[in-house]
**Q** 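Quick one: structure below, then a few questions.
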Amino acid sequence: MRQFQTVPEEIQKNITSRIAKKRFPQCLLITGGTAQQRQKTAEYIAAALECTASSPPCGKCRACVKTLAQRHPDVYCLEAGGKSESVKLEDVRGIRETCYLLPNEGNAKVYYFPQAERIRPEGQNALLKIMEEPPQNVYFLLCVQVRASMLPTVLSRAEELSLGESETVDISAKTEQKLQQICPVVCEALAAGDEYALMTALAPLEKDRNAVSRCAAQLQTMFAEALTGSGREPAVLRLRESVSAEELLAMIEVLRTVMAACERNANGNLLLSLFSSDLTGCRKTKNNQSK
């Protein structure tokens, strides 16, 4: 079916098989691939869950057509928007008002987030309360480029569906090698609370928006490893020893903001300023309170 061509065939088979066997997880994390592939996969799943044909999704029945046109009353697409470029907390909280009601006309209620990495920590915590014991026939689909975009508590409640290698920016091998050196230094600088060392470490990324975005993504993974205790790299261990969980969560939020700014083609110099000052600010907050 043409409308589902973006979804890899093996992924389609996996999804339809699990739905047919009634073994589809109520909370699913869709990772990897491109942003379009992730969203189309979520739409494919939503259509399959609502489809009334014998071999879902058929793409032709009333339920499929309405789902793909984003007009199905039981399929909710929660997108980022507004000045903060994040998913609104009130939208996440609003799920609790609808998910416990019976479907209006479909087989299930489906809530999908095309940009789940833009759910702020308080929003993820609000969502977690529902994900812990979701009502029957209610499904949550979270689309993210990398797992580290989500809180560990949310990850523990969701099953992952990987679409393969994530989309990558056009970045040279030389720049990639540079990032492998920069990221640990950034972690060490934050652990020590050294703003100058942080600015110096990030300086080589000036005027290279793609490298800034890639650096933010790598740091996000390292911060998440420090938060969960899963990382063994010396710089990650230093972070875990020196930076509180609250500070790490704040830093992860800064990285989300930086990556969103990169997508909007923000000025490179302003990006670096945002990058260094806001990350340092996450540490300063605690330091100032302790004085």
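Owing to the predicted nature of the structure, the values given are computational and were not obtained by experimental measurement. Reckoned from all heavy atoms, side chains included, excluding hydrogens, waters and symmetry mates.
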**Q** Would the distance check show the side chain of Thr98 and the main-chain N or O of Ile95 forming a donor-acceptor pair, the cut-off being under 3.5 Å?
**A**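 Yes, because the side chain of Thr98 sits within donor-acceptor range (under 3.5 Å) of the backbone of Ile95.
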
**Q** For the CE atom of Met131 and the OH atom of Tyr139, what is their distance to the nearest 0.5 Å?
**A**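 Rounded to the nearest 0.5 Å, the CE-OH separation comes out at 14.0 Å.
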
**Q** Could you check if a side-chain atom of Val75 sits within less than 4.5 angstrom of a side-chain atom of Tyr112, using non-hydrogen atoms only?
**A**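 Val75 reaches Tyr112 side chain to side chain.
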
**Q** Would the distance check show the side chain of Arg38 and the main-chain N or O of Pro114 forming a donor-acceptor pair, the cut-off being under 3.5 Å?
**A** no

**Q** Consider only side-chain heavy atoms of I, L, V, M, F, W and Y, link residues closer than 4.5 Å, and tell whether Val185 and Leu179 are in one cluster.
**A**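 In one cluster with Val185: Leu179, no.
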
**Q** Tell me, do Arg232 and Glu225 make a side-chain contact under 4.5 Å, heavy atoms counted?
**A** no

**Q** Answer yes or no: is there a side-chain heavy-atom contact under 4.5 Å between Phe4 and Ile11?
**A** no

**Q** Take Glu50 and Lys66 through the salt bridge (Lys or Arg N to Asp or Glu O under 4.0 Å) test and state the conclusion after the steps.
**A** CA-CA 10 Å; Glu50 300 292 359; Lys66 293 179 76 170; over 6 Å; no

**Q** Apply side chain to side chain contact (heavy atoms under 4.5 Å, CB included) to the pair Val154 and Leu142, showing each step before the final yes or no.
**A** CA-CA 10 Å; Val154 173; Leu142 309 174; 3.9 Å; yes

**Q** Check whether Gln124 reaches the backbone of Leu151 with its side chain - one donor and one acceptor, N or O, closer than 3.5 Å.
**A**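 Yes, Gln124 side chain to Leu151 backbone: donor-acceptor pair under 3.5 Å.
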
**Q** What I'd like to find out is whether the side chain of Gln5 reaches to under 4.5 Å of the side chain of Lys40, using heavy atoms alone.
**A**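 Of all side-chain heavy-atom pairs linking Lys40 with Gln5, none is under 4.5 Å.
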
**Q** Identify, with sequence neighbours excluded, every residue that meets salt bridge (Lys or Arg N to Asp or Glu O under 4.0 Å) alongside Glu246.
**A** none

**Q** Got Leu279 and Val258 here, is their nearest side-chain heavy-atom distance under 4.5 Å?
**A**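 Result no, sub-4.5 Å side-chain heavy-atom pair not found.
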
**Q** Evaluate the criterion salt bridge (Lys or Arg N to Asp or Glu O under 4.0 Å) for residue pair Lys13 and Glu10; output intermediate values, then yes/no.
**A** CA-CA 5 Å; Lys13 291 180 180 179; Glu10 63 273 18; over 6 Å; no

**Q** Examine Leu227 and Leu237 and state if one hydrophobic cluster contains both, with Ile, Leu, Val, Met, Phe, Trp and Tyr joined whenever side-chain heavy atoms are less than 4.5 Å apart.
**A** no

**Q** Does the side chain to side chain contact (heavy atoms under 4.5 Å, CB included) test come out yes or no for Ile15 and Thr41, once each step is laid out?
**A** CA-CA 9 Å; Ile15 292 167; Thr41 299; 4.1 Å; yes

**Q** Please name the pair of heavy atoms, one in Thr16 and one in Pro57, separated by the smallest distance, quoted to 0.1 Å.
**A** CG2-CD, 3.9 Å

**Q** Testing the basics here: between Pro204 and Ala201, what is the closest heavy-atom pair and its distance to 0.1 Å?
**A** CD-O, 3.1 Å

**Q** Apply side chain to side chain contact (heavy atoms under 4.5 Å, CB included) to residues Asn137 and Asn107 and explain how you reach the verdict.
**A** CA-CA 7 Å; Asn137 292 334; Asn107 302 316; over 6 Å; no

**Q** Is Leu89 linked to Phe113 within one hydrophobic cluster, defined over Ile, Leu, Val, Met, Phe, Trp and Tyr using a side-chain heavy-atom separation of less than 4.5 Å?
**A** no

**Q** What distance separates Leu127 CG from Glu132 CD, expressed to the nearest 0.5 Å?
**A** 10.0 Å

**Q** Would one find more than 12 heavy atoms of other residues, nucleotides or ligands at under 6.0 Å from atom CD of Glu9?
**A**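 Open: at most 12 neighbouring heavy atoms sit under 6.0 Å from CD of Glu9.
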
**Q** I'd like to know if the side chain of Ser156 and the backbone of Thr153 have a donor-acceptor N/O pair within less than 3.5 Å.
**A** yes

**Q** Do the side chains of Met251 and Leu249 join up, straight or via other hydrophobic residues, at under 4.5 Å, putting them in one cluster?
**A** yes

**Q** Say whether Ile19 and Val110 are linked into one hydrophobic cluster, either directly or through other cluster members, by side-chain heavy-atom distances under 4.5 angstrom.
**A** yes

**Q** Are Glu117 and Arg256 ion-paired here, with the side-chain N under 4.0 Å from a carboxylate O?
**A**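 Arg256 and Glu117: not salt-bridged.
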
**Q** Once you round to the nearest 0.5 Å, how far does CD1 of Ile119 lie from CG of Leu78?
**A** 8.0 Å

**Q** Taking the side chain from Lys129 and the backbone from Arg96, do they hold a donor-acceptor pair closer than 3.5 Å?
**A**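 No, Lys129 side chain to Arg96 backbone: no donor-acceptor pair under 3.5 Å.
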
**Q** If every non-hydrogen atom of Val65 is compared with every non-hydrogen atom of Gly59, which pair is closest and at what distance?
**A** CG2-O, 4.1 Å

**Q** State whether the side chain of Arg283 and the backbone N or O of Ala191 hold a donor-acceptor pair below 3.5 Å, judged by distance alone.
**A**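 Checking the backbone N and O of Ala191 against the side chain of Arg283, a donor-acceptor pair under 3.5 Å is found.
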
**Q** Looking at Tyr100 and Glu133, what are the two nearest heavy atoms and their distance?
**A**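 Where Tyr100 meets Glu133 most closely, the heavy atoms are OH-O, 4.2 Å.
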
**Q** At what distance, to the nearest 0.5 angstrom, does CZ of Phe24 lie from CG of Leu141?
**A**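 One finds 6.0 Å between CZ of Phe24 and CG of Leu141.
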
**Q** Rounded to the nearest 0.5 Å, what separation is found between the OG1 atom of Thr280 and the CD atom of Glu195?
**A**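 Reported to 0.5 Å precision, the distance equals 4.5 Å.
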
**Q** Determine the minimum heavy-atom distance between Pro184 and Glu233, stating which atoms define it.
**A**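 Taking every non-hydrogen atom into account, CG-OE2, 3.4 Å.
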
**Q** For the backbone of Leu29 and the side chain of Glu160, can you confirm whether one donor and one acceptor N or O come within less than 3.5 Å of each other?
**A**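 No, Glu160 side chain to Leu29 backbone: no donor-acceptor pair under 3.5 Å.
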
**Q** With rounding to the nearest 0.5 angstrom, report the CZ to SG distance, Phe223 to Cys282.
**A** 8.5 Å

**Q** Which heavy-atom pair separates Cys64 from Cys58 by the least distance, and what is that distance?
**A**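 Here Cys64 and Cys58 meet closest at SG-N, 3.7 Å.
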
**Q** Tell me whether the rings of Tyr111 and Tyr76 are parallel (<30°), tilted (30 to 60°) or perpendicular (>60°).
**A**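 Rings of Tyr111 and Tyr76: parallel, as their planes differ by under 30°.
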
**Q** Run Thr257 and Asp278 through side chain to side chain contact (heavy atoms under 4.5 Å, CB included) and show every step you take.
**A** CA-CA 10 Å; Thr257 302; Asp278 285 11; 5.7 Å; no

**Q** Between Glu90 and Arg93 (salt bridge meaning N to carboxylate O under 4.0 Å), is one present in this structure?
**A** no

**Q** Taking Asp74's backbone N and O only, do any of them form a donor-acceptor pair with Asn104's side chain (distance below 3.5 Å, no angle check)?
**A** no

**Q** Determine yes or no for a side-chain-to-main-chain donor-acceptor pair under 3.5 angstrom, with Arg23 supplying the side chain and Ala20 the backbone.
**A**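 Between the backbone of Ala20 and the side chain of Arg23 there is no qualifying donor-acceptor contact (under 3.5 Å).
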
**Q** Suppose we screen for side chain to side chain contact (heavy atoms under 4.5 Å, CB included). Which residues come up paired with Glu188, at least two apart in sequence or across chains?
**A**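 By the side chain to side chain contact (heavy atoms under 4.5 Å, CB included) rule, Glu188 matches Ala235, Arg238.
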
**Q** Would you check if the side chain of Gln145 reaches a backbone N or O of Ala217 as a donor-acceptor pair within less than 3.5 Å?
**A**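 Checking the backbone N and O of Ala217 against the side chain of Gln145, no donor-acceptor pair under 3.5 Å is found.
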
